[in-house]
Amino acid sequence: MQTTVAYTPKHNPVNYFKNKEGAAIVRCIVRTIQANKDYLGSVDGEIGDGDHGVNMNKGFTMAGERLEDGHTFSEACRVVAQALMEDIGGSMGPLYGSFFKALWRHSKSLENISAENYGTMLQAATEAVMEIGGAKVGDKSLIDTLVPAYQAFQCALADKADFTQALQRSTAAAEAGKESTRALVAKIGRSARLGERSRGVLDAGAVSSFLILQALHGGIAASLQD
Amino acid sequence: MQTTVAYTPKHNPVNYFKNKEGAAIVRCIVRTIQANKDYLGSVDGEIGDGDHGVNMNKGFTMAGERLEDGHTFSEACRVVAQALMEDIGGSMGPLYGSFFKALWRHSKSLENISAENYGTMLQAATEAVMEIGGAKVGDKSLIDTLVPAYQAFQCALADKADFTQALQRSTAAAEAGKESTRALVAKIGRSARLGERSRGVLDAGAVSSFLILQALHGGIAASLQD
Amino acid sequence: MQRIINNPDDVVNEMLDGFAATHADLVARVPNNHRVLKYKQSPVPGKVGVITGGGSGHEPAFIGYIGENMLDAVAVGEIFSSPTAKSFTDAIKAADSGRGVAVLYGNYSGDNMNVKMAKIDADDDGIAVKSVVANDDVVSAPKSEPHKRRGVAGEIFMWKIGGARAALGGSLDEVIASAQKAIDHTRSVGIGLSSCTIPAVGKPNFFIKPGTMEFGIGHHGEPGLAITELKTADEMASLALEHILPDLPFAPGCEVAILVSGLGATPVNELYVFFRKVAEILQSQNINIHKSYVGNYFSSLDMMGVTLTLMKLDDELKQLLDIKCNAVALKQF
Amino acid sequence: MQRIINNPDDVVNEMLDGFAATHADLVARVPNNHRVLKYKQSPVPGKVGVITGGGSGHEPAFIGYIGENMLDAVAVGEIFSSPTAKSFTDAIKAADSGRGVAVLYGNYSGDNMNVKMAKIDADDDGIAVKSVVANDDVVSAPKSEPHKRRGVAGEIFMWKIGGARAALGGSLDEVIASAQKAIDHTRSVGIGLSSCTIPAVGKPNFFIKPGTMEFGIGHHGEPGLAITELKTADEMASLALEHILPDLPFAPGCEVAILVSGLGATPVNELYVFFRKVAEILQSQNINIHKSYVGNYFSSLDMMGVTLTLMKLDDELKQLLDIKCNAVALKQF
Ligand SMILES: Nc1ncnc2c1ncn2[C@@H]1O[C@H](COP(=O)(O)OP(=O)(O)O)[C@@H](O)[C@H]1O
Ligand SMILES: Nc1ncnc2c1ncn2[C@@H]1O[C@H](COP(=O)(O)OP(=O)(O)O)[C@@H](O)[C@H]1O
Ligand SMILES: [Mg+2]
Ligand SMILES: [Mg+2]
Ligand SMILES: [Mg+2]
Ligand SMILES: [Mg+2]
């Protein structure tokens, strides 16, 4: 069963969060992955090799141990990227490593991270995953979660939504994207060879990326300043 | 479950059978072993390695295929001995091989096999098994069946019993000997290392030798001439 | 889970400790990365380096093919999970004598990505790196999509051939060309009779019903082409060849090398029973067997099953296959 | 029963066909007995012959140890059943170059009887035959009754040492003396985590409850010393050494060779995890490891489990152990 780690949302319809106070947001992601270790494993077991929960838990736990309270949001993202890329490997090392590295790279010089900044970061991070992994929307992968998530976020801003609303719409789109993988035939990764046999179940990476975005967005929403 | 292969006893209180008509007796032994393949396997499985039924079935079936109707009883015993010794091996090759070889050697020059002849043959055959295997009564082996069987046969003759009666008393003693192995701790063969753990179950070889004697004696009784 | 392990998360590290201690005559560790092992004599002066890497759980692959005239270094991942880009980079560095390094690995998305990243890093360090991606598993994708096929036990032939070419003084391009030719001439198929369990997961992630088998199963238990009733060894051998022979194709009159590998829990005698029929069928089709390898060469944890691999030989491949080698799991005099 | 076989009664013959075909460079059949295999070059002129024999199901034992400087011939029995006396006799004949033959076999009642009969036959043929009976399994009988102990994986050391002595030109008495010394210096123990199934029987004849293990199990699934809860690899290694070390004893300062073998269904990586702790404990007790062998060297059909064997070395045993050999399952340069 999927587990949601609680966070305390503040009702602040404001438009930035302080980079230097953002380590807690990344910790929330770590806890989410840890809490969903078995669930992710069982989703991966359906049409993959069953290790997605173990892999993710190992990487994020290692990152969690290296996180310091003094880290900025950007630095915390970099810690995650390094743990995944240098110590975990697998598919998730390069994929989520690139994701968090891009979040770091596109925020490291910012003191405050605005909704517009975050929109750019999320797009860059998604594109980094596509660049290294080569997956497109519809391939049944984490891309099916990430692409709608960043697009929904940017549309929301274009519709003059505030940061909180945009995060909510992005999370909802991520969830819909995740759910969309159920109907898809895998075209990438380990399950790509299953053809029709891969239809009917969720993609493990689509699930984990939804959980990450949910925690990330919840954490940001709780940190918004005015 | 133990299976008894039917034979048709004739009521002839006579004291010899014709060597040259004895191949059928040996065939009866073959069928008995075949019918008890699974039973012998499960007895051996308790404290051995479970292959006694397979081993015995293979050896006696091979012998059965080589038996010719023209064979004398002695020749048929020799066929069994050769199949076991030269084609089967295991423990049963030497043990039952020696047994049937002794039956052959001590009957091959006889035209008619009398009760006295048979008493000598059975003792020699039992001693040949003891010679090659080194087992004594009480070691939990086929010897616990064979020794009481030949002794009971000879005692019966000493008591002036006829051939048929002596065969019956011998078979009964064999059965009691077989049953005695249940209470014994194995001192020889594969199960000898179990110590107390070998107590409480029958010995596979004691069972198969009882089945052989039962078939042999039944077959002889049915063949007795006057 | 009936296993001989301690903390499941430590299996790979403890296995490497035990392996390095057992084979200290052939294998050495590298500084600052306990997930890379190298041939004790590597980098061999003047020789192109040959490396691979992959997830653990396939032992003796990949580390067992480290040694003289085979692999110079191996990057080691978690169970069924690609090594890090950093480990691939460190393996490349451990193997480079200045003539460049050939990375001969299997077609899995994690490995593809990590090798890609490692190549960029090695490039930054001025090491010439080229790679060959094994894709010998015939049933993992149609012949028209070879780039989607998995690499399986055929990788051993690729390493043997690439390693031999390097040992003979081949340039990086020559090593790559020979290794590529080896894998292009190689086809494999797997049959699973039981599932396998990643120790840290603790339970199998799929199940093969007794009385059935999975034809075309992957090296990590990836589902195969079909689930059928359990066949006899002879039927399995025919079925495997029915998929392998037409794919290359292997035509009458050609010469092959054969590799039959158990998947971890397969009794060795059954591998020979299976091989017997393979040889019989090939003989009947006038395909000549030059050399055969039968044993546990490339496994999948505790899976019961078998893989069959054929490499079609030409003069070059034959010469390279026959060259002496001294690796932990493959020794030829 | 999930197995790769045809008719269960044919497993041994078909396995031998496959084996002989695979290893035709090393192994040959003998005339008129398809249950004997010999080293292609045997009888080696001027060399004492070294043979063994035993039931099948232990592959690569026994046939895998045929080769240069090891076994000249092997008599092959049914699964878990001694070869015939005739096969032992034929193996003796195939190995004899005129200097006599050493029969180095394991202590099982079937083998004892068949070897006894074969010796008589060989004697009739004027071949000098002597034998050594391996009894390395420490928990199979108390130290005071060594003649009751089973021979298990330690037989490999006995063959290696006897084979090397013969290769160096030793007389029959010298070969027997070295082989006897090898086995006298060797102790083994087995741990079973699952049962095994004889194909022709079709079901296991014992059962090991998940979560438990059988300490001291025999190579045919003979019950061991105790059934305990399933321990960690490290605990298994300690427990095994607690029984092995005091028995010889192996004292601080001594030097040993180690053999860790899987029982047929044991993933190779777990053998290294187990070995790691064995090495660590020996190091802590100041016992020096000269050489280690880790792999599937002596199996028990599809049993999951491990055996640990230690041989205490002196100068002679060390020299003989290190000598080059080229057998199917043991190759040393
Ligand atoms: N090239 C790729 N691009 C994007 N996502 C991918 C790619 N390859 C695999 N994935 C994702 O990885 C997930 C599986 O991750 P994991 O189980 O940790 O790795 P592995 O497949 O190596 O066992 C899949 O569910 C899929 O979403
Ligand atoms: N030395 C011996 N003397 C007499 N009987 C023996 C001896 N060794 C074994 N046996 C008998 O053999 C039987 C087992 O036979 P079998 O299962 O065919 O052979 P194995 O023990 O080699 O598997 C035992 O039950 C015992 O009666
Ligand atoms: Mg996975
Ligand atoms: Mg038995
Ligand atoms: Mg994986
Ligand atoms: Mg037996």
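Order of the sequence lines sets the chain letters (A, B, ...), proteins ahead of strands, with each chain counted from 1.
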Practice task
Using non-hydrogen atoms and a 4.5 Å limit, figure out which bit of A/Asp87 sits close to chain C: side chain, backbone, both or neither.
Solution key: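 Contact with chain C involves the backbone of A/Asp87 alone.
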Exercise for the section: Examine whether an atom of A/Ile132 lies under 4.5 Å from a heavy atom of chain C, and if so say whether it belongs to the side chain, the backbone or both; otherwise answer neither. Expected result: both
Would you say that more than 12 heavy atoms from the other residues, nucleotides or ligands in this model lie under 6.0 Å from the [atom1] of [X], or not?
X        : atom1 : value
C/Lys116 : NZ    : yes
C/Lys119 : NZ    : yes
C/Glu229 : CD    : yes
A/Lys136 : NZ    : no
C/Lys143 : NZ    : yes
C/Asp124 : CG    : yes

Roughly how far apart are [X] [atom1] and [Y] [atom2], rounded to 0.5 Å?
X       : Y       : atom1 : atom2 : result
A/Thr61 : C/Asp9  : OG1   : CG    : 9.0 Å
A/Gln82 : C/Thr84 : CD    : OG1   : 12.5 Å
A/Asn55 : C/Glu78 : CG    : CD    : 7.5 Å

Exercise for the section: May I ask you to name which of A/Ser91, A/Gly41, A/Ser191, A/Gly90 has the most heavy-atom pairs under 4.5 Å with chain C? Expected result: A/Gly90
Exercise for the section: Just give me the residue among A/Glu46, A/Lys58, A/Met92, A/Lys37 that pairs up with chain C most often, heavy atom to heavy atom, under 4.5 Å. Expected result: A/Lys58
Exercise for the section: Return the minimal non-hydrogen interatomic distance between A/Asp51 and C/Ser81, and the atom names on each side. Expected result: OD2-CB, 4.3 Å
Problem - Considering all heavy atoms, the nearest A/Pro94-C/Asn114 contact - result: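 Reported closest heavy-atom pair: CG-OD1, 3.2 Å.
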Counting only non-hydrogen atoms closer than 4.5 Å, does [X] touch chain A with its backbone (N, CA, C, O), its side chain (CB onward), both, or neither?
X        : answer
C/Phe80  : both
C/Arg150 : both
C/Asp90  : neither
C/Pro83  : backbone

Can you tell which of [options] has the highest number of heavy-atom pairs within less than 4.5 Å of chain A?
options                               : value
C/Ala200, C/Ser140, C/Ser109          : C/Ser140
C/Gly110, C/Gly55, C/Gly218, C/Gly216 : C/Gly110
C/Lys86, C/Met113, C/His220           : C/Met113

Exercise for the section: Could you tell me whether the side chain of A/Arg197 and the main chain of C/Gly224 form a donor-acceptor pair under 3.5 Å? Expected result: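 At least one qualifying donor-acceptor pair exists.
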